[in-house]
Each structure stands twice: as C-alpha cells, then as structure tokens.
Amino acid sequence: MTQEPMAHPQIFDHDALRLRRARRKPDALFLHDLARDEIEDRLSMVKRVFTNPAIIAPFAEPYEDLLPGAKIIADTEVLDLEPKAHDLVIHVMALHWANDPVGQLIQCRRALKNDGLLLVITLGGQTLHELRSALAEAETYVSGGLSPRVVPMGEIRDLGALLQRAGVALPVADLVPLNVQYRDLTHLMQDLRAMGETAALTNRLRKPTSRKLFALAQHIYAQNFATLEGKLNATFELVCLTGWAPDESQPQPLRPGSAKMRLAEALKVPETKLPEG
C-alpha cells in the first residue's frame with residue numbers, strides 16, 4: 001500500500017512553479033551548467049565506478065549525458081525511486097524548492113544501496129541577498145509592509161544538518177560562491193524568469209507590483225550593490241552536500257573510554273597534570 005506523504009507547510013506553490021519552469025529558456029540555464037561542473041568535479045575525486053545512478057532534477061536536458069544509464073526523474077514530492085536500487089543518487093538544483101527538504105533526502109537515502117553516495121547541489125542562503133534587501137526596503141517605504149518576493153533558502157549549517165536528520169553517514173557540506181553582474185534590475189528579473197527561478201511562493205502577492213516600487217528598488221540596489229562600472233552585483237551560492245548510505249565498512253567513531261593509548265603517549269610528549277583547585 002502506498003503511504004501518503006506527511007503534511008508539511010506549503011511554502012512553495014508547485015503548480016505555479018511548474019508553469020514557470022515550462023517557460024524557461026534552455027540557453028539561460030547557466031546555474032545548471034555550473035552545477036553539472038561541480039558534480040563532475042566531485043565525482044572525479046571519488047575512486048569508484050557507479051553503475052546504477054539516479055538524478056533528481058527540475059529539467060532533464062542539462063544532465064541527460066552526465067552519467068551513462070542514469071535514471072533521471074522529476075523533483076516531485078514523492079520521488080520515483082525504488083528502495084536500495086542505486087549506488088549513486090544526485091539531487092540537483094531542486095532542494096531549495098522542496099516543501100519537505102528532509103523528506104526529499106530521506107527518500108534519496110532509502111534509494112541507495114549500502115555505502116551508496118548521495119550528492120546534492122542546491123542554492124544557499126546568500127543567493128540573491130542583494131535583491132531581497134532592495135525589494136524589502138523599497139516595499140516597506142512604498143506600502144508600509146512586506147510580502148514574500150524572494151525564495152527563502154537555507155544557510156550551509158542548516159543544510160548540513162538536514163543530511164544528519166536524513167540518516168546519511170559521513171556528511172559534508174561546502175559551498176561555491178558566484179557573483180554575476182547585470183545591467184539593471186529588469187535584466188536580473190528577466191534572467192530569473194528565463195531560468196524558471198522566479199518566486200513561486202504560496203503566500204506571494206497576487207496583484208501586479210507598482211512601477212514605483214521597482215523603480216525605488218532599482219535605486220536602492222544600485223546605491224548599495226553596484227560595481228564601479230554601474231552594473232548590479234547578484235550573488236548566487238551553490239551549496240554542495242555529500243553523504244553515504246550507512247554501511248559496516250565505513251569508519252566508526254570510538255566508544256567513550258575505548259582508547260588504547262593515552263594522548264600524551266600518542267604524541268610522545270610528557271604528561272602534565274593540571275593543578276588542583
């Protein structure tokens with residue numbers, strides 16, 4: 001019997017997200033190209049040949065020839081993965097849109113064979129912080145309040161903790177910062193739209209935004225985040241998470257009190273007692 005997924009806060013409107021992704025432009029997916037480069041680089045450092053890989057991604061095109069025989073599936077709430085079927089699962093450029101990110105990682109871990117590798121590439125918390133700041137300040141001035149406009153994204157520490165909650169072994173989290181320059185705010189928004197990355201938030205404002213707000217946001221953005229040449233800086237942060245399906249062959253932490261040698265002996269230095277009191 002198929003289990004119904006647990007109810008979680010619906011931060012993201014996935015129906016709206018599907019429509020926005022459908023309007024993407026393939027030549028604008030530079031973040032996916034960078035994510036693919038990171039995947040290839042990290043897999044090259046793993047001394048193992050993977051024979052049953054699976055890739056979870058919002059779009060198949062950037063990853064179709066990444067790994068021979070890879071199963072490519074959509075980032076739906078319930079992933080189309082069989083238990084213990086894969087020695088490598090890659091979740092790429094989609095976790096930041098998940099209403100239940102821990103659930104996504106747990107499903108990935110369950111799909112791994114023992115000692116299989118989970119590799120996640122997602123957008124991190126500093127992504128578009130300039131845009132978030134400029135829009136928030138402009139909207140507060142124009143309307144006296146705030147509405148959700150930029151996707152909330154996890155900081156690296158929080159994302160690393162998700163791996164542990166998902167039950168993977170040997171978790172590692174690191175990030176790759178990227179700075180992109182745009183002509184103006186309109187140019188940036190057009191690029192996000194072409195990538196299918198505009199904010200499909202459940203509680204988003206449903207009426208058109210005034211030109212006055214965007215004009216003020218452009219002014220604030222340029223005042224605070226412009227280059228010497230007058231371009232607008234935009235930060236994107238790729239967070240890379242890796243972990244392994246638990247297996248007896250992996251290094252295990254020693255139990256407290258199980259050390260066979262004193263630290264001073266191991267370091268070959270005299271042991272000094274601490275003064276009392």
Side-chain angles (χ1 to χ4, degrees), residues 6 8-12 17 31-32 34-43 45-46 55-58 75 77 79 88-112 115-136 146 148-180 192 195 197 199-203 224-225 233-247 250-254 256:
M6 291 177 63
H8 291 273
Q10 299 299 297
I11 299 171
F12 304 112
L17 179 60
L31 290 177
H32 289 267
L34 292 169
R36 178 181 169 129
D37 290 344
E38 285 299 318
I39 292 167
E40 291 176 329
D41 185 50
R42 287 159 197 274
L43 290 181
M45 295 185 282
V46 179
I55 301 172
I56 298 108
D75 59 320
E77 187 173 356
L79 300 173
L88 169 65
V89 173
I90 298 170
H91 198 298
V92 57
M93 291 299 293
L95 195 67
H96 58 282
W97 285 113
N99 283 315
D100 179 17
V102 178
Q104 290 280 301
L105 297 180
I106 289 173
Q107 291 180 73
C108 291
R109 191 255 300 158
R110 289 175 177 168
L112 286 169
D115 204 32
L117 175 62
L118 172 61
L119 172 57
V120 180
I121 309 285
T122 188
L123 293 177
Q126 291 303 302
T127 298
L128 298 175
H129 71 87
E130 304 94 343
L131 178 62
R132 184 179 288 107
S133 174
L135 285 173
L146 283 175
R149 291 185 179 275
V150 180
V151 174
M153 300 175 196
E155 298 293 341
I156 185 169
R157 182 184 302 174
D158 301 322
L159 293 170
L162 295 185
L163 285 178
Q164 295 179 310
R165 290 177 61 190
V168 300
L170 310 174
V172 176
D174 64 292
L175 60 86
V176 179
L178 172 69
N179 189 268
V180 182
L192 293 175
M195 288 189 278
E197 290 287 344
L201 295 158
T202 301
N203 293 329
N224 293 282
F225 306 111
N233 278 317
T235 298
F236 293 93
E237 194 175 70
L238 290 184
V239 174
C240 306
L241 309 173
T242 57
W244 299 81
D247 187 72
Q250 294 163 352
Q252 302 295 321
L254 291 174

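Starting from 1, each residue takes its place in the sequence as its number.
Residues that satisfy the side chain to side chain contact (heavy atoms under 4.5 Å, CB included) test with Pro152, not counting sequence neighbours, are Ile11, Phe12, Leu201. Applying the side-chain hydrogen bond (donor to acceptor under 3.5 Å, both in side chains) test to Asn224 and every residue at least two apart in sequence or in another chain returns nothing. Applying the side-chain hydrogen bond (donor to acceptor under 3.5 Å, both in side chains) rule to Glu130 yields the partners Thr235; only residues at least two apart in sequence or on another chain are considered. With sequence neighbours excluded, no residue satisfies ring pair (Phe, Tyr, Trp, His ring centres under 6.0 Å) with Trp244. Taking Arg36 as the reference, Glu40, Asp65 meet the salt bridge (charged side-chain N to carboxylate O under 4.0 Å, His left out) condition, with sequence neighbours excluded. Applying the side chain to side chain contact (heavy atoms under 4.5 Å, CB included) rule to Leu88 yields the partners Leu43, Phe50, Pro53, Leu67, Ile90, Leu117; only residues at least two apart in sequence or on another chain are considered. By the ring pair (Phe, Tyr, Trp, His ring centres under 6.0 Å) test, His96 pairs with no residue at all, sequence neighbours left out. Taking the salt bridge (charged side-chain N to carboxylate O under 4.0 Å, His left out) definition, one finds that Asp115 meets it with Arg48, sequence neighbours left out. Shown here are the side-chain hydrogen bond (donor to acceptor under 3.5 Å, both in side chains) partners of Arg42, two or more places apart in sequence or in another chain: Glu38, Asp174.
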Starting from the C-alpha separation in whole Å, work towards a yes-or-no answer on side chain to side chain contact (heavy atoms under 4.5 Å, CB included) for Leu178 and Leu31. CA-CA 10 Å; Leu178 172 69; Leu31 290 177; 4.0 Å; yes

Let me see the working for Leu238 and Leu123 under side chain to side chain contact (heavy atoms under 4.5 Å, CB included), right down to the final yes or no. CA-CA 5 Å; Leu238 290 184; Leu123 293 177; 3.8 Å; yes

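With a 4.5 Å cut-off on side-chain heavy atoms, Leu128 and Leu192 count as touching. Side-chain contact between Met153 and Gln126: absent, with no pair of heavy atoms (C-beta onward) separated by less than 4.5 Å. Two residues are said to be in side-chain contact when any heavy atoms from C-beta on lie closer than 4.5 Å; Gln107 and Ile56 fail this criterion.
Closest heavy-atom contact between Leu159 and Gly154: CD1-O, 3.4 Å. A pairwise comparison of heavy atoms in Val151 and Ala199 identifies CG2-CA, 3.9 Å as the closest pair. Heavy-atom minimum distance, Cys240 versus Val176: SG-CG2, 4.3 Å. Minimum heavy-atom separation, Pro246 to Ala169: CA-CB, 4.2 Å. Shortest non-hydrogen contact noted between Ala35 and Met93 is CB-CG, 3.8 Å. Of all the heavy atoms in Leu112 and Gly116, the pair that sits closest is CD1-O, 3.7 Å.
Every pair tested for salt bridge (Lys or Arg N to Asp or Glu O under 4.0 Å) that includes a residue from residues 89-98 fails, sequence neighbours excluded, so the list is empty. Every pair tested for ring-ring contact (aromatic ring centres under 6.0 Å, His included) that includes a residue from residues 150-174 fails, sequence neighbours excluded, so the list is empty.
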Please set out all donor-acceptor pairs under 3.5 angstrom arising from side-chain atoms of residues 161-168, sequence neighbours excluded.
none

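A donor-acceptor contact shorter than 3.5 Å is absent between the side chain of Glu237 and the backbone of Glu155.
The CG atom of Asn179 lies 11.5 Å from the CZ atom of Phe225; values are rounded to the nearest 0.5 Å.
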